[in-house]
Amino acid sequence: METETCDHCGRREESGAATLTWTTSVEHGRRRTYCDSCSRTHLRAMEGKLDSEYW
Ligand SMILES: [Zn+2]
């Protein structure tokens with residue numbers, strides 16, 4: 001069984017329906033995964049041109 005782990009808050013969910021709303025992105029060559037709630041925060045940060053390293 002595979003699980004996804006949020007790279008921001010550390011939340012873990014079983015891969016599948018629970019993680020459909022999660023976001024993955026590649027930053028500085030590394031794959032990052034964000035849960036639904038962190039994705040919203042992340043999108044706001046991206047709109048503000050802020051890198052996640054500076055959260
Ligand atoms: Zn999260």
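Just follow the structure's listing: the first ligand is 1, and inside any ligand the first atom is 1.
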**OP:** Quick one: pull up OG in Ser15 and CD in Glu2 and give me the separation to the nearest 0.5 Å.
**Re:** 5.0 Å
Subject >> Pairs touching residues 13-23 that satisfy salt bridge (Lys or Arg N to Asp or Glu O under 4.0 Å), sequence neighbours left out >> reply: Arg11-Glu13
Original post:
Of all residues at least two apart in sequence or in a different chain, which pass the side-chain contact (heavy atoms from CB on, under 4.5 Å) check with Thr33?
Top reply: Glu4, Asp7, Trp22, Thr24, Arg31
Original post:
Cys6 and Cys35: which non-hydrogen atoms are nearest, and at how many Å?
Top reply: SG-N, 3.4 Å
Subject >> Thr3: side chain to side chain donor-acceptor pair (under 3.5 Å) partners, not counting sequence neighbours >> reply: Arg12
**OP:** Decide yes or no on side chain to side chain contact (heavy atoms under 4.5 Å, CB included) for Tyr34 and Cys9, but give the supporting numbers first.
**Re:** CA-CA 8 Å; Tyr34 301 105; Cys9 70; over 6 Å; no
Original post:
What protein atoms of element N, O or S are positioned under 2.8 Å from the Zn ion (ligand 1)?
Top reply: Cys6 SG, Cys9 SG, Cys35 SG, Cys38 SG
